[in-house]
Amino acid sequence: MQSVSSTPSMKPFITDRNYFHLPYFDKKPCIYIKSWWQDQRRRLYNANIMDKIADKLEEGLNDVHEMIKTEKPYPERRLRGVLEELSSSCFRFVTLANKDQNQNGRTRLDRERLKSCMRELENMGTQAKTMRSQVKKNTVKDKLKLVQNFLHKLRFLADEPQHSIPDVFIWMLSNNKRIAYARIPSKDILYSIVDEETGKDCGKVKCVFLKLPGKRGFGPAGWTVQAKMEVYMWLGLNKQRKDFLCGLPCGFEEIKAVKGPGLQCFPPISLSYTKKQVFQLRAHMYQARSLFAADSSGLSDPFARVFFNTQSQCTEVLNETLCPTWDQLLVFDNVELYGEANEMRDDPPIIVIEIYDQDTVGKADFMGRTFAKPVVKMADERYCPPRFPPQLEYYQIYRGNSTAGDLLAAFELLQIGPAGKSDLPAIDGPTDMERGPILPVPMGIRPVLSKYRVEILFWGLRDLKRVNLAQVDRPRVDIECAGKGVQSALIQNYKKNPNFSTLVKWFEVDLPENELLHPPLNIRVVDCRAFGRYTLVGSHAVSSLRKFIYRPPDKKSQQWNTAAKLMNGYMAMANGGPYSRPTGEIVVNMEPEVPIKKMETMVKLEANEEEKEKKKKKKKGEEIEEEEPDESMLDWWSKYFASIETLKEQLRQQEAAAAEAEEKEEMEIAEGSKAQVKNKEKVKVPKEDKKKKLQAEQAEKKNKQKIDELKVFNKELETEFDNFEDWLHTFNLLRGKIGDDDDTVSEEERIVGRFKGSMCVYKVPLPEDITKEAGYDPNFGMFQGIPSNDPMNVLVRVYVVRATDLHPADINGKADPYVVIKLGKTEIKDKENYISKQLNPVFGKSFDIEATFPMESMLTVAVYDWDLVGTDDLIGETKIDLENRYYSKHRATCGISQTYAIHGYNMWRDPMKPTQILSKLCKEGKIDGPHFGPGGRVKVMNRVFTGPTEIEDENGQKKQTDEHLALSVLHHWEEIPRAGCRLIPEHVETRPLLNPDKPGIEQGRLEMWVDMFPMDMPAPGPAIDISPRKPKSFELRVIIWNTDEVILEDDAFMTGEKMSDIYVKGWLKGQQEDKQDTDVHYHSLTGEGNFNWRFLFPFDYLVAEEKIVISKKESMFSWDETEYKIPARLTLQVWDADHFSADDFLGAIELDLNRFPRGAKTAKQCSIDMVAPEVDLPMVSIFKQKRVKGWWPFVARNENDEMELTGKVEAELHLLTAEEAEKSPAGLGRNEPDPLEKPNRPDTSFIWFLNPLKSIRYFIWHTYRWLILKILILILLLLMVGLFLYSLPGYLVKKILGA
């Protein structure tokens, strides 16, 4: 069998001015290649299975995303289905791959890769299965992200690293020159009898686009299509070739080359189609949005070119827009398609739509391409719902690999029956005579339009860049939507005042009823130059008007909403949630409702109980001293640290609540009611425990110090309060071409300024009750009660608390940060107060700047790194739009503190008192109130708030005041209907620091806040002092009295007896170089040591942070000292002194000076339990107790890494302030002043070679005295016997002789 690798050459036919086509009509040429390769199909089969799983998963995820985007119900059900499908597909892969594990011809990589893939997919399958049960309404988005990770992993696994069969290349030749090519991966067209293993394009008619070869095929030049081919491909084993025509559309005859008898089994040289269908294609081109900016003006002149089969047509060109509404019907007549009619219906050919930018000179620029499949109607079907007329759909436009907008269109392919075109639905003629013979989109398909009014609030323009080197001086804003529009007033002098003189203008326009089909609204800023020229400055397309649509309130539903919100609030109050206040509970009564009153009594009871507890404590007398902090001791930092503790506590509670909610939902999912009942019984017990724990925690909180707190936001205020765009929005203006893949033009670089304003879209006419409301100004339309935009002088007070996790800027991995504040032309550099070698510096600074809005409204807070030589480097900066904050209804000028005080650390810092703020808010919101009544009640609309009515002044005298009441209303302002919104509390916000040279990478975080005070109001008080706390100097005196039961380490030189030469070392953590030792107690045979030795440790200490502050140079080359904060810990160690070798470590104890176990009274009572973490012992703090004496254990780890007792020490700790230490000095060791007595040590503690007799006495007599006595008696006895024997002969002679 010979290979036929190219089609016969043919002359192309002209399609239109730009394209040709080859006349492959009823006769389709066939080409085939026969080749031999090693059989490594398994690799490709596995890759195909994984690719198919990934494709299915991607399709499912896109569905879920679409459902969430269009707010369709139950996206969680669809996600569960997707996960179910994924898990079954993964297990199917494992079974298919299992069969082929022992194939020959496989490399080691094949085997290992297969094992890895099987393991990964098995894991994925089980994970998907478990995740399926966890998908809930509130967790859909989180789970979607996790499933997205599955998709990335599948795509990664499907990529086969070893090549097995080469890819297929299709070349287009002309005059024997290669013009364009397409490369088709062989795995995509590989055939297998198992459906999952077959390539995705095998045995299917596919559309292939040919591109230029070589470098010309890359980048924008290569995006234009050289040719579009519809091709049917099949790759398989020779023995399987009987199946190669299976997927072709039916209705053809094979034309084979005649090669003698019996050789008819060769592939055909061509196919001749006998069945053909004639169609009419209708392309309803309605609109495109967010297109690519192809001109330097930042706009385009777009038109669309539609290709189908061998025909192409273009829409009209619309000038200078990125959101063209063509509203045009393109009709392709007599489209001939070959194959069976029913196959056409299910799988019609694709339509290619290309968008181009028309240029006056040169050829049109390619802007993007999209594909669509038409809805097919056969001749025997009726043109009626649900399929016809087709709905407009959005098609994503692609430019290279990036997205470049959306096309809103519908395509229908109608079969022309035997009766000709008369059967087809009628086409209305051109309705718009101005547009020439252009057919509009017919009524059933074009959206249903209603009359809308679009009101535009023109506020001002900001940060406009130069255009053609000239500054913008007289800008104007043009608004356009669906062909209608309005122009703003001209700004006469942009430098002097960039705000508009006329605030609100409007225009009426017909918009679709379906909000998803609303055309974008275009904002264009032009500069009016000399001689009546207009230059485009920049433009912005508001792609979705959804958030600007105003719907008149449906009164019934609104009341329900507010009631539900309130109930949630009360539930939180009753459960002691975030609404509970330490100053006595706030109660809100909605007068008509009863259940809330029950809540009210509960809340009041709790408050009363709290008061009773306090009274009890006061009776006890002493305890209350510890609980109530001294007012003079408290400062802003006390408040800040207490708030950070609260923030951590809240995060912990949120995690616990989320876990509990998940547990609940799992119980609900559990099948069978009996099982549920059993589960509930089981679960009840731990829940009760949890409640007890919570109650215990709350009791602990009550016992804690009552410090007023502020709110610490661990993010920017803008993210918490929706960018402060409650009525004033900021739109970025863009100019210039969008960069292609190889260019790196980010959107940031294309921004040429910002337009501030807003819009309101609503159906006309409005309900009468809105327009007839008191004080309705028709000039302002929907923007009632907005402030004036005249220039305003404001005092801006910036507080910078601290920075965390700064990016190192020096070689040593540290930085020397300082703060720079910029606002308008003012720049404040705090260079002289740089903080040396710190990545978490505490600045504690406030800066006052006078500014004029709108000219100076962008505040930049930057952190720079100080350098001794050269310029300072920018670490990161954060920008804050002060204007939006200033005018926001959330009142971001000065945060509202938790309580009202007129002195002390929590002093009210706003020049307006709570009552004045409340009156102003009520007046602006046209709300009835506030009415202050007797008994601590205030009424605003139909809400009643209660609270305390007395305040203490500096002298402790109580006065009557309504400020607490007003403040309680402000804290609950969001509950007031209509005008209510959340007011900003006294706070610290955490802002990310960014560096323009490293876009998108956080360089650290800055904790700060900004207050703003208008200059025409009373001046605010002085700024709060937030300067870092100065550490206090202390002296810790540690007297080591005795040790006991110290393990004996040495053997005696003469006798081998166990003993130790004991001494004690001590130091404070971080001051290791200031280690102090006692003298040595030699030759302790019992582990007892007597010292009477005093250590002195002077140190600087931050009481509030409970940290020791140490300042020291890092190295001899350091320019200045670095400050460290270290926990206050005292370390005591016991050692055995050796003369000729290193001393032996015996044991140690580390005492946290803020919280250490109380010492035992005697050595016997002292045990290792005192340092065991699980044992609950009474703890003391040296900073409260001042003087502590007792016994503590020394511990060390043995060979098994377990703690063992290695001795005991009797010590006395005495803490004095630096002043006290100066008044009563004490000497180190046993020195003057206030010397300690010499220890009464036994005589064993001498050195043997200085006093040998003594040492013999102790070493020998102590141990061997009984032995020595026995020996002495024995010697005496022997002497006596000897003498007796010696004198016996003499005596005997004398006796015998009788002398």
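When reading the values below, keep in mind they use all heavy atoms of this one structure, side chains included, and skip hydrogens, waters and symmetry mates. Here the structure is a predicted model, which is why all the values come from computation and not from measurement.
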Do [X] and [Y] have side chains that get closer than 4.5 Å, going by heavy atoms?
{"X": "Leu517", "Y": "Pro447", "value": "yes"}
{"X": "Lys143", "Y": "Leu83", "value": "no"}
{"X": "Thr126", "Y": "Thr130", "value": "no"}
{"X": "Leu408", "Y": "Arg289", "value": "no"}
{"X": "Leu86", "Y": "Ile53", "value": "yes"}
{"X": "Arg111", "Y": "Arg108", "value": "yes"}
{"X": "Phe93", "Y": "Glu196", "value": "no"}
{"X": "Ile184", "Y": "Lys206", "value": "no"}

### Task
Would you check if the side chain of Ser300 reaches a backbone N or O of Pro302 as a donor-acceptor pair within less than 3.5 Å?
no
### Query
If you take all heavy atoms of Ile170 and Leu210, which pair is closest and at what distance?
O-CD2, 4.3 Å
### Message
So which atom in Gly538 and which in Arg735 form the shortest heavy-atom distance, rounded to 0.1 Å?
### Response
CA-CB, 4.3 Å
### Task
Kindly write out the residues that satisfy salt bridge (charged side-chain N to carboxylate O under 4.0 Å, His left out) with Glu84, not counting sequence neighbours, or none if the list is empty.
Arg132
### Query
Trp234 vs Tyr191 aromatic rings, parallel, tilted or perpendicular, using cut-offs 30° and 60°?
tilted
### Task
Decide side chain to side chain contact (heavy atoms under 4.5 Å, CB included) for Phe548 and Leu521; before the verdict, give the C-alpha distance in whole Å, the side-chain angles of both, and the deciding distance to 0.1 Å.
CA-CA 11 Å; Phe548 300 110; Leu521 180 136; over 6 Å; no
